[in-house]
Trainee: 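A single structure is presented below for examination.
The analysis underlying the following values was restricted to heavy atoms, covering all of them including side chains, and did not include hydrogens, waters or symmetry mates.
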Amino acid sequence: MAWRGWACRGWGCRHAWAPPAGSRSCEELTAGLAPPQLLGRRFNFFIQQKCGFRKAPRKVEPRRSDTGRSSEAYKRSALIPPVEETAFYPSPYPIRTLVKPLFFTVGFTGCAFGSAAIWQYESLKSRVQSYFDGIKADWLDSIRPQKEGDFRKEINKWWNNLSDGQRTVTGIIAANVFVFCLWRVPSLQRTMIRYFTSNPASKVLCAPMLLSTFSHFSLFHMAANMYVLWSFSSSIVNILGQEQFMAVYLSAGVISNFVSYVCKVATGRYGPSLGASGAIMTVLAAVCTKIPEGRLAIIFLPMFTFTAGNALKAIIAMDTAGMILGWKFFDHAAHLGGALFGIWYITYGHELIWKNREPLVKIWHEMRTNGPRKGGGSK
């Protein structure tokens with residue numbers, strides 16, 4: 001009697017005996033054992049595919065690019081979501097992937113500073129009216145009976161006690177907390193990975209450069225970034241003003257992500273990045289460059305203080321080493337890009353960009369003052 005491997009997987013049973021010659025085949029044997037209601041064309045086809053001695057199907061491995069090692073590295077980080085490698089598609093022409101992000105970075109930065117200039121114009125124009133409205137409101141409050149324990153009054157009191165910088169970054173912190181809550185919704189995971197993590201190997205390149213600035217997957221990551229932003233908010237807003245600060249912060253998020261794109265394409269180490277660290281590094285670098293003799297301390301070690309200039313040098317040295325050596329825990333290229341942008345803006349960018357906003361403000365003033373001309377008569 002000849003022995004060979006024979007399996008009948010359609011019924012979940014496995015046999016190591018083959019029937020001798022002349023006996024019924026596998027299909028006949030299985031058809032005889034099957035209930036009458038299952039004897040159809042579809043069931044016979046199923047049995048034909050499953051019965052017999054066949055080679056086990058080869059497990060399909062996900063397509064790996066040159067970035068296999070980097071993908072394994074960022075999967076182990078607790079600061080980013082567990083992203084599958086198959087979600088990204090590295091381009092065969094990586095340099096071309098930087099064209100759209102470059103134009104987006106330049107265009108968005110220009111729009112951010114232009115909008116900030118118009119915002120400042122409108123703020124100055126309405127300040128006088130707000131002053132008189134404030135006097136009227138104070139007079140009405142003085143003659144109106146006050147309510148005890150009014151929650152809205154307490155909120156207004158807390159808000160008025162904040163500095164201009166703290167009031168400015170409150171909206172940024174609220175946006176980060178909102179996006180962090182969206183990460184906790186399972187049905188939104190695919191959308192969040194697509195639009196709120198920046199990666200040059202992703203199909204969506206431009207929108208994540210801005211949206212990832214407000215995106216945190218780890219609570220510790222978000223808490224650390226927001227604490228630093230809150231700590232430096234008063235100083236940076238006093239230096240730049242509310243409108244200019246918002247333009248610098250948003251532009252820094254996009255610029256730092258573009259530097260990260262360039263580094264990933266140059267090294268072939270693709271992987272998702274998210275968080276406000278690049279923009280916050282711009283804020284920190286701007287303050288340290290403007291006030292290099294200021295004293296800083298680590299939150300957990302307040303007894304050790306150091307100058308802001310030395311802290312900035314140490315941060316730049318660490319991020320440079322991390323980018324060269326390929327450390328994966330942080331996106332050191334984005335950190336370094338944000339820090340260099342903050343140094344450049346305080347040193348040269350303010351004079352080059354913000355102080356040359358007058359032509360745009362004049363055009364906006366003429367549009368607001370004259371308005372659209374009525375009548376279609378020719379000159």
Trainee: Please check if any side-chain donor atom of W364 sits under 3.5 Å from a side-chain acceptor atom of E122, or the reverse.
Mentor: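 Yes, a side-chain donor-acceptor pair sits under 3.5 Å.
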Trainee: Any cation-pi pair here, R194 with F196, using under 6.0 Å and within 45°?
Mentor: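 Geometry flag: not set, cation outside 6.0 Å or 45°.
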Trainee: Under a 3.5 Å distance rule, please check whether R357 uses its side chain to pair with a backbone N or O of A117 as donor and acceptor.
Mentor: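 Checked: no pair found.
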Trainee: Return the set of residues passing side chain to side chain contact (heavy atoms under 4.5 Å, CB included) with T305 (not counting sequence neighbours), or none when no residue passes.
Mentor: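 T305: side chain to side chain contact (heavy atoms under 4.5 Å, CB included) contacts with R295, A297.
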Trainee: So, does S202 use its side chain to make a donor-acceptor pair with the main chain of L205 at under 3.5 Å?
Mentor: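 No, because the side chain of S202 does not come within donor-acceptor range (under 3.5 Å) of the backbone of L205.
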Trainee: Going through the checks in order, is the side chain to side chain donor-acceptor pair (under 3.5 Å) test met by Q189 and W183?
Mentor: CA-CA 6 Å; Q189 292 295 304; W183 274 109; over 6 Å; no
Trainee: Does any part of the side chain of F330, heavy atoms only, come nearer than 4.5 Å to the side chain of S277, both counted from C-beta?
Mentor: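 They are not in contact (no side-chain heavy atoms under 4.5 Å apart), so the answer is no.
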Trainee: Do T347 and T289 have side chains that get closer than 4.5 Å, going by heavy atoms?
Mentor: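 Touching, per the 4.5 Å side-chain cut-off.
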Trainee: How about C288 and I343: do any of their side-chain heavy atoms sit closer than 4.5 Å?
Mentor: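 No; the side chains remain at least 4.5 Å from each other.
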Trainee: Are the side chain of Q244 and the backbone of L240 linked by a donor-acceptor contact shorter than 3.5 Å?
Mentor: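 Judged by distance alone, yes, a pair lies under 3.5 Å.
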Trainee: Just how far is it from atom SG of C206 to atom CZ of F108, taken to the nearest 0.5 Å?
Mentor: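 Answer rounded to 0.5 Å: 11.5 Å.
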Trainee: Of all the heavy-atom pairs spanning F180 and S218, show the shortest one and how long it is.
Mentor: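 Distance-wise, the nearest heavy atoms are CE1-C, 3.8 Å.
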Trainee: Counting only N and O atoms by type, is there a donor-acceptor contact under 3.5 Å from the side chain of S256 to the main-chain atoms of G253?
Mentor: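 Indeed, once roles are kept as given, a pair shorter than 3.5 Å links the two residues.
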Trainee: How close do N257 and P208 get, heavy atom to heavy atom, and via which atoms?
Mentor: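 Scanning both residues completely, I find the closest heavy atoms to be ND2-O, 4.4 Å.
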Trainee: Provide the closest heavy-atom pair for V265 versus P200 in the form atom of the first, atom of the second, distance.
Mentor: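 Closest pair (atom of V265, atom of P200, distance): CG2-CB, 3.9 Å.
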Trainee: With clusters defined by side-chain heavy atoms of hydrophobic residues (ILVMFWY) lying less than 4.5 Å apart, directly or transitively, does F220 cluster with V179?
Mentor: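 No.
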Trainee: For a 4.5 angstrom cut-off between non-hydrogen side-chain atoms, does H221 reach F217?
Mentor: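 No. Closest side-chain heavy atoms not under 4.5 Å.
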Trainee: Looking at side-chain heavy atoms only, is the closest gap between V254 and L250 below 4.5 Å?
Mentor: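 Not in contact.
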Trainee: Establish whether I193 and F178 are linked, either directly or via other cluster members, by ILVMFWY side-chain heavy-atom contacts under 4.5 Å.
Mentor: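 They do share one cluster, since a chain of ILVMFWY contacts under 4.5 Å joins I193 to F178.
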Trainee: In Å, rounded to the nearest 0.5 Å, how long is the span from CG of N225 to CD1 of I280?
Mentor: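 CD1 of I280 is found 4.0 Å from CG of N225.
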Trainee: Counting only heavy atoms not in F306 (residues, nucleotides, ligands), do more than 12 fall under 6.0 Å from its CZ?
Mentor: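 More than 12 heavy atoms, drawn from other residues, nucleotides or ligands, come within 6.0 Å of this atom.
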Trainee: Could you state whether Y348 and I239 fall into the same hydrophobic cluster, counting links through intermediate Ile, Leu, Val, Met, Phe, Trp or Tyr residues with side-chain heavy atoms under 4.5 angstrom apart?
Mentor: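 Per the 4.5 Å side-chain linkage, Y348 and I239 are co-clustered.
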Trainee: Linking I/L/V/M/F/W/Y whenever their side-chain heavy atoms sit closer than 4.5 Å, directly or via other members, would Y261 and V99 fall into one cluster?
Mentor: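 As far as the 4.5 Å side-chain criterion goes, V99 and Y261 are not connected within one cluster.
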Trainee: Atom CZ of F232 and atom CZ of F245: how far apart are they, to the nearest 0.5 Å?
Mentor: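 That separation rounds to 12.0 Å.
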Trainee: I'd like to check Q242 versus Q120 (side-chain heavy atoms, cut-off strictly below 4.5 Å). Are they in contact?
Mentor: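 The answer is no, as the side chains (C-beta and beyond) never meet within the 4.5 Å cut-off.
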Trainee: Can the positive tip of R190 be found less than 6.0 Å from the middle of the six-membered ring of Y195, inside 45° of the ring normal?
Mentor: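 Checked: cation-pi criterion not met.
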Trainee: For a 4.5 angstrom cut-off between non-hydrogen side-chain atoms, does V248 reach F341?
Mentor: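 Yes, their side chains come closer than 4.5 Å.
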Trainee: Please check if the side chain of K264 supplies one atom and the backbone of N199 the other of a donor-acceptor pair under 3.5 Å.
Mentor: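 Such a contact is absent between K264 side chain and N199 backbone.
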Trainee: If I compare all heavy atoms of T307 with all of P292, which pair ends up nearest, and what's the gap?
Mentor: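 Minimum heavy-atom separation between T307 and P292: CB-O, 3.7 Å.
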Trainee: On a heavy-atom basis, which atom in T320 and which in I316 lie closest, and how many Å separate them?
Mentor: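 Nearest pair, atom of T320 first, then I316: OG1-O, 2.7 Å.
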Trainee: Report the relative orientation of the aromatic rings in H335 and H332; use parallel for angles under 30°, tilted for 30 to 60°, perpendicular for over 60°.
Mentor: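 Perpendicular.
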Trainee: Quick one: does any side-chain atom of T109 pair with a main-chain N or O of T105 as donor and acceptor, under 3.5 Å?
Mentor: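 Judged by distance alone, yes, a pair lies under 3.5 Å.
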Trainee: Counting N and O atoms only, with roles assigned by atom type, does the side chain of T282 sit under 3.5 Å from a partner on the main chain of G338, one being a donor and the other an acceptor?
Mentor: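 Such a contact is found between T282 side chain and G338 backbone.
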Trainee: Does the S212 side chain pair with the main chain of S215, one donor and one acceptor, at a distance under 3.5 Å?
Mentor: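 The answer is no, because no donor-acceptor pair under 3.5 Å joins these two groups.
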Trainee: In Å and rounded to the nearest 0.5 Å, what is the CE to CG distance from M192 to L182?
Mentor: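 Rounded to the nearest 0.5 Å, the CE-CG separation comes to 5.0 Å.
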Trainee: Within the distance-only criterion (no hydrogens, no angle test), does the side chain of T369 pair as donor or acceptor with the backbone N or O of H365 below 3.5 angstrom?
Mentor: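 Looks like yes, one N/O pair under 3.5 Å.
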Trainee: Show the nearest heavy-atom pair for residues S234 and Q166, with the distance to one decimal.
Mentor: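 In this case the closest contact between S234 and Q166 is OG-CG, 4.0 Å.
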Trainee: Would you give the length of the straight line joining atom CE of M226 to atom OG of S233, rounded to the nearest 0.5 angstrom?
Mentor: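 Nearest 0.5 Å value for the CE-OG distance: 11.0 Å.
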Trainee: Using 0.5 Å steps for rounding, measure from the CD1 atom of I118 to the OG atom of S123.
Mentor: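 If we round to the nearest 0.5 Å, I118:CD1 and S123:OG are 11.5 Å apart.
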Trainee: Find out if a path of hydrophobic residues (ILVMFWY) with successive side-chain heavy-atom gaps under 4.5 Å connects V106 to Y249.
Mentor: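 Linked within one cluster.
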Trainee: Please examine the side chains of L360 and F113, heavy atoms only from C-beta on, and report whether any two atoms are closer than 4.5 Å.
Mentor: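 No; the side chains remain at least 4.5 Å from each other.
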